[in-house]
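Quantities reported herein were computed from a predicted structural model and do not represent experimental measurements.
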Amino acid sequence: MAQCVQSVQELIPDSFVPCVAALCSDEAERLTRLNHLSFAELLKPFSRLTSEVHMRDPNNQLHIIKNLKIAVSNIITQPPRPGAIRKLLNDVVSGSQPAEGLVANVITAGDYDLNISATTPWFESYRETFLQSMPASDHEFLNHYLACMLVASSNEVEPMEQFSKLSQEQHRIQHNNDYSYPKWFIPNTLKYYVLLHDVSAGDEQESYEDGPCTITSNKNSDSNLLSLDGLDNEVKVDGLPNNFRAHPLQLDQSSDPSNSIDGPDHVKSASSLHETKKANTGIIHGACLTLTDHDRIRQFIQEFTFRGLLPHIEKTIRQLNDQLISRKGLSRSLFSATKKWFSGSKVPEKSINELKNTSGLLYPPEAPELQIRKMADLCFLVQHYDLAYSCYHTAKKDFLNDQAMLYAAGALEMAAVSAFLQPGAPRPYPAHYMDTAIQTYRDICRNMVLAERCVLLSAEILKSQSKYSEAAALLIRLTSEDSDLRSALLLEQAAHCFINMKSPMVRKYAFHMILAGHRFSKAGQKKHALRCYCQAMQVYKGKGWSLAEDHINFTIGRQSYTLRQLDNAVSAFRHILINESKQSAAQQGAFLREYLYVYKEKQAATHVSLDQEYDSESSQQWRELEEQVVAMVNKGIIPSSFYPTQYCLNSYSDNSRFPLAVVEEPITVEVAFRNPLKVPLLLTDLSLLWKFQPKDFSGKDNEEVKELITGEPEMIGTEVISEFLINSEESKVARLKLFPHHIGELHILGVVYNLGTIQGSMTVDGIGALPGCHTGKHSLSMSVRGRQDLEIQGPRLNNTKEEKTSIKYGPDRRLDPIITEEMPLLEVFFIHFPTGLLCGEIRKAYVEFVNVSKCPLTALKVVSKRPDFFTFGGNTAVLTPLSPSTSENCSAYKTVVTDSTSVCTALISSASSVDFGIGIGSQPEVIPVPLPDTVLLPGASVQLPMWLRGPDEEGVHEINFLFYYESVKKQPKIRHRILRHTAVICTSRSLNVRATVCRSNSLEDEEGRGGNMLVFVDVENTNTSEAGVKEFHIAQVSSSSKLWKLQNSVNLAENKEAKLASREKGKFCFKAVRCKEKEAAMQSSERYTFADIIFGNEQIISSASPCADFFYRSLSSELKKPQAQLSLHTEKHSIEDAVRLIQKCSEVDLNIIILWKAYVVEDSKQLILEGQHHVILRTIGKEAFSYPQKQELPEMELLKFFRPENTAVSSRPSVDQLSNLIKTSLHYPESFNHPFHQKSLCLVPVTLLLSNCSKADVDVIVDLRHKTTSPEALEIHGSFTWLGQTQYKLQLKSQEIHSLQLKACFVHTGVYNLGTPRVFAKLSDQVTVFETSQQNSMPALIIINNM
């Protein structure tokens, strides 16, 4: 166990003290409440006697009691509620934390050097509060009331009458059967009459003569007059009189937890005291009392103990002793008879398992066994441990004989403690008594509170005997699921036992600290949980136990974030993610998702800070973004004068150029000072020293150059740090600012200051430091004016041969900035910007742009590597939904309420990709910000809506935004400025969508043309409810294409709801048709047709923002590629054109947009999230996905050591592509009835439809001759014959449909497959025969029945 402030010899007597009740009249209570205290609270800080006290035992021997303490508490007639006790204990532990800056003990064990907190004050506070708050029980008398103070006020009209009433009230509470609580030690309770007198209200002598002196006839009562000056004094305005602030009466719970409760019956009011203390933090307790009053209270407690309590206890012990002697018929007293009782033959005790469960047995109050226990408890309370042990031992035997297990366990527990505390240690500590008591309490009596008390006492005793192994085993035994807080504290103490052993068990220490941290976390004690994990981490770190290390770091990160310790959280998560992990993919995903929560919600894009560490990778990314936007502004060319913006110059940056600063914008220089002395140094009036040359950069020849050395505030303002203290051997950074007010060349030369030391920091030969003349925060003894020049050595040059062979350094011009003309300065604020999204989720946020300079800004753009993450809406107002919303559910989409008739078919609209900033040759990464009038005036701000879409991959995403802007007035030196911002978004899994498209067997559409297709869409809910998502609803499925559109849903009636719970999958089927010729002709190359199929009563306009924005951004990589154009000359096509024509037959340009809503429960409220997924369908029959597919690594191949032949790239199309030239379909009756007994041959008419899918003439051969099929197929479908012509040769024009009338002949009944015709096709004008068998449709089954 950890070291404690109290030794066990001090702890136990302080935990078991005589209990005294207090019953006050209303007037007396009112008087004490003037100090914000009850009467019991008033006495609490003075309840320990300052001197030794004496009493005589039954043998008339003098017994000395040291450091006696009494517990006074107000009478409360209801037992404390277990819930209130639990809350109190929880508050006590959370209120006690390690002191800030506490130096931990360094323990060296083997290879480990551990920093461990040697003490655990939270455990001591818990233990003290736990022992004080235990409710009184019938099987023991340790916390039963021995006496009662009856308190009246001298202000009462009839104090005597008031005392009489209080006495009757006490008698009623003790002897009336209606009250089972509180418990009283003996029927004849000591009554002590107290008259509370306010000296400021009247004469003390008169009050005393009137009052208690006349009430002494009762043999079991006594009286006292308590006079206080300060009961009704007013508190002084400037604070407390008589330096009262440090007195314990303030009941400051943070400094002295023992003052926060009143004893066993004050738990309820103690917890309420905690609440009121939070509400009234300004209240000072006991503020009206004077130091004289403190002395009077001490004297009162001493008189009460000497004159009342101890004589009463002494008399009670004698009476009980006499009763027991007469019962046993033994010699003079139990004390002298001890040897006789224990010297006889010992009766073997039964084991605990043999005893039957009689924990419910109750003795009557006058039972002799209980009288022994009473006497034992009384002796224990007055520290007479020899006599107490004898009585407990006797009681234990009696209780075990009666098999009264609860009573026996109590006697065993206290016998063990008494044996340990006996002076001179006549016998060893009977640990087996405690073990039996704990087992009885826990297993037979089911009383964990009493078992816990046993463990706390026994572990402390074992620790004092350096039996750490036994103590640890005992503590671990009592950990259970019923109390996380108790288990956490005991496990932590067990861990300290392991580390404090003679040979420290470091790994056991760490393991039990982890267990304790876990239980602290479950108990809501976040700070203690974090502390335990951090201490255990010292053992696991760097030992190769990566999984354990990951778990600990993950927990430390999460707890640190909860406690807003963001630096610790970042560090912990960084350790998980930077090392090569052995975790499973799912676990890594969980770590990634949690990683976000170490970041604050970044609300503002801020300017560069000196606190940021240099990161070369990050620096390169920002440079690339800036180059991208500059190239776009300059029509694709980066100007030769371009140099990437550097706002923060350090030893890693390129400092070969003169940095550019802007007039009226501060320049900050960070200078590191180190004090090599062992005394603190104080720098005063610290500032930068500079030289400035005003210049005009407009290019005039007659420019005037004048040199100014410092001291010209109208040119350059200089910040002065009045005091800068550097402690002994400390390194400290100062940030010094200059404010340029004029354009020109600035040279920062150094720093100037007054150097001195602090008065009183040291003395020389006993003589104090010289009196100082400086008045400030620190008193300066003497100072001198100092100066340090700042000279920076540039990087060593290593390019030419000469530079390599000699030592040459390049220039470092950091401290020589050129001050240029005024430029605009932009600040950006993000409002409602989320930190977590579902994959594909759409969320609306707002961005505020503020021009904080005196110049207007224009050409505002934002560039990002992830343009698919955000949009500002379309170019036209029609396409952008109103703000905040047009929908009843505050949707981010533009929506229209529809009637039920439009649900079956698609609603058509169209939009051009150019309207959304996407087109052939455009740069989707650079997005112009739609400022009103394209200019932001000085001091103006504009707020724009910004839609965000969660990236399709789950995990943590860092998205860099670079804002670019220019001044309206062109500047020669600085052409543009930038502002950087990194957003951190964590995405959780939502839906996975996969889709395929295939040709439909029904060829005709509404115009009788062929070419219909079926689109199959599978939607799977992959969310595992980690974001509180209950279910997803598919709100709408839309298509977007230049040539195709969805027409209707095939299975809409069956899946009207379209709900998907966790891990459910839904399948949808849609019919797609070609856009009408008229529509297709109108479409420019950038115009798309959108078709919406709705699953509810609200249409989301998919061709408007933000739906279309994110769709076009997902397509942007495709749109950037220029499309290959077919040559349309009348002469023969080239082979390449033919191949392209054939390939186009199996291509389809159709994109599917799935729009969904997710129902989320958060803080018992239901939220509706919405989002969209995109599937880009390019090839018939090939599955496409909404989420990026993992690329499988190619298998290892053998190296080839010969030059490959120069074979031309094959221009032949694939078999799959060739087989899609012609689409076939058979039309016939599903079943046919024929009277075979009349006519043996059955003839069935069948129509074969052939459709040319290409835009060229195709030669077709239809072969009806049966190919020899497998015997299995014949068995299944049977054989039939085609009658008539067996082969047809046709030519089909571009996209022509041709029908052939065929006849099938059957000789008996059965099921037949008519899909046997083989179709071959080739392009008519091609010499090279790309002739391939065409794909058959599904099996065409017909049933032939006999009539």
Subject >> Qualifying residue, where the test is side-chain contact (heavy atoms from CB on, under 4.5 Å) with L381 and the options are L146, I313, V17 >> reply: L146

Subject >> From R298 atom CZ to L43 atom CG, the distance as rounded to the nearest 0.5 Å >> reply: 12.5 Å

Original post:
Can you tell if the side chain of P58 reaches within under 4.5 Å of the side chain of L387, non-hydrogen atoms only?
Top reply: yes

Original post:
Is any side-chain heavy atom of P18 closer than 4.5 Å to a side-chain heavy atom of L68?
Top reply: yes

Subject >> Intermediate values then yes/no, side chain to side chain donor-acceptor pair (under 3.5 Å), N90 and Q525 >> reply: CA-CA 8 Å; N90 210 49; Q525 300 281 348; 3.0 Å; yes

Subject >> Side-chain H-bond candidate by donor/acceptor type, D293 with T290, under 3.5 Å >> reply: yes

**OP:** Indicate yes or no: does E140 engage R373 in a salt bridge with an N to O separation below 4.0 Å.
**Re:** yes

Subject >> For the student: nearest non-hydrogen atoms of F185 and F141, plus distance >> reply: CE1-O, 3.0 Å

Subject >> Pair D57 + R318, salt bridge at N-O below 4.0 Å >> reply: no

Original post:
Is there a donor in the side chain of Y145 and an acceptor in the side chain of S73, or the other way round, less than 3.5 Å apart?
Top reply: yes

**OP:** Could you please spell out the steps behind the side chain to side chain contact (heavy atoms under 4.5 Å, CB included) verdict for Y385 and I12?
**Re:** CA-CA 12 Å; Y385 299 118; I12 295 174; 5.5 Å; no

Subject >> Side-chain heavy atoms of R477 within contact of L474, under 4.5 Å >> reply: yes

**OP:** Output yes when D377 and K374 qualify as a salt bridge under the 4.0 Å nitrogen-oxygen rule, no when they do not.
**Re:** no

**OP:** For the residue pair Y192 and F304, categorise the inter-ring angle as parallel (less than 30°), tilted (30 to 60°) or perpendicular (more than 60°).
**Re:** perpendicular

Subject >> Residues, nucleotides or ligands: over 12 heavy atoms within 6.0 Å of D26 CG >> reply: no

**OP:** Taking all heavy atoms of L196 and all of A28, pick out the closest pair and write down the distance.
**Re:** CD2-O, 3.9 Å

Original post:
Mind checking whether V93 and L485 have side chains closer than 4.5 Å, heavy atoms only?
Top reply: yes

**OP:** Would you check, one step at a time, whether the test side chain to side chain contact (heavy atoms under 4.5 Å, CB included) holds for Q162 with E27?
**Re:** CA-CA 10 Å; Q162 192 61 49; E27 181 60 23; over 6 Å; no

**OP:** Decide yes or no for C19 and W184: does some side-chain heavy atom of the first lie under 4.5 Å from some side-chain heavy atom of the second?
**Re:** no

**OP:** Measure the CD1-CD distance between I75 and Q170 for me, rounded to the nearest 0.5 Å.
**Re:** 6.0 Å

**OP:** Would you give the length of the straight line joining atom SG of C454 to atom CZ of R442, rounded to the nearest 0.5 angstrom?
**Re:** 11.5 Å

Original post:
Can you name the closest pair of heavy atoms from M134 and V449 and give their distance?
Top reply: CE-CG1, 3.6 Å

Original post:
Between M448 and S483, is a side chain to side chain contact (heavy atoms under 4.5 Å, CB included) present by the stated rule, with each step listed?
Top reply: CA-CA 10 Å; M448 293 301 287; S483 171; over 6 Å; no

Subject >> CD-CG distance between E452 and D482, expressed to the nearest 0.5 angstrom >> reply: 9.0 Å

**OP:** Would you indicate whether the side-chain heavy atoms of I65 and L310 approach each other to under 4.5 Å?
**Re:** yes

**OP:** Determine whether the aromatic ring centres of H393 and Y389 lie less than 6.0 Å apart.
**Re:** yes

Original post:
Do S38 and E29 have side-chain atoms, one donor and one acceptor, less than 3.5 Å apart?
Top reply: no

**OP:** Could you tell me which residues satisfy side-chain hydrogen bond (donor to acceptor under 3.5 Å, both in side chains) with E470, sequence neighbours excluded, listed by chain and number?
**Re:** none

Subject >> Derivation and outcome, side chain to side chain donor-acceptor pair (under 3.5 Å), residues S94 and D91 >> reply: CA-CA 5 Å; S94 61; D91 291 346; 4.6 Å; no

Original post:
Which of parallel (below 30°), tilted (30 to 60°) and perpendicular (above 60°) describes Y441 and H139?
Top reply: perpendicular

**OP:** Give me the ring orientation class for F163 and Y193: parallel if the planes are under 30° apart, tilted from 30 to 60°, perpendicular past 60°.
**Re:** perpendicular

Original post:
Between F380 and Y392, is any pair of side-chain heavy atoms under 4.5 Å apart?
Top reply: yes

Subject >> Check: S51 and Q302 side chains under 4.5 Å, non-hydrogen atoms >> reply: yes

**OP:** Could you tell me whether K44 and E41 have a side-chain N and a carboxylate O separated by less than 4.0 Å?
**Re:** no

Subject >> Atom pair OG1/CZ of T440 and F399 - distance to nearest 0.5 Å >> reply: 13.5 Å

**OP:** Go through the steps to decide whether T189 and Q174 satisfy the test side chain to side chain donor-acceptor pair (under 3.5 Å), and finish with yes or no.
**Re:** CA-CA 9 Å; T189 301; Q174 181 174 354; 2.9 Å; yes

Original post:
Short question: side chain of N447, backbone of L450 - any donor-acceptor pair under 3.5 Å?
Top reply: yes

**OP:** Measure from the side-chain N and O atoms of Q132 to the backbone N and O of T129, and report whether any donor-acceptor pair falls under 3.5 Å.
**Re:** no

Original post:
Which atom names give the shortest non-hydrogen contact between A136 and K183, and what distance separates them?
Top reply: CB-CG, 3.5 Å

**OP:** Mind listing the closest non-hydrogen atom pair of C497 and A471 along with its distance?
**Re:** SG-CB, 3.9 Å

Original post:
Do E492 and W122 pass the side chain to side chain donor-acceptor pair (under 3.5 Å) test, and can you show the C-alpha distance, the side-chain angles, and the key distance before you say yes or no?
Top reply: CA-CA 11 Å; E492 184 182 14; W122 47 92; 3.0 Å; yes

**OP:** Determine the minimum heavy-atom distance between A22 and V72, stating which atoms define it.
**Re:** CB-CG1, 4.0 Å

**OP:** Start with the C-alpha gap between L49 and I301, add the side-chain angles, then the distance that decides, and say whether side chain to side chain contact (heavy atoms under 4.5 Å, CB included) holds.
**Re:** CA-CA 8 Å; L49 298 186; I301 291 288; 3.9 Å; yes

Subject >> Flag, side chain of H528 to backbone of S96, donor-acceptor distance under 3.5 Å >> reply: yes

Original post:
To the nearest 0.5 Å, how far apart are CE in M414 and CG in L457?
Top reply: 7.0 Å

**OP:** Indicate yes or no for a side-chain donor-acceptor contact from E314 to the backbone of L309 under 3.5 Å, with no hydrogens or angles considered.
**Re:** no

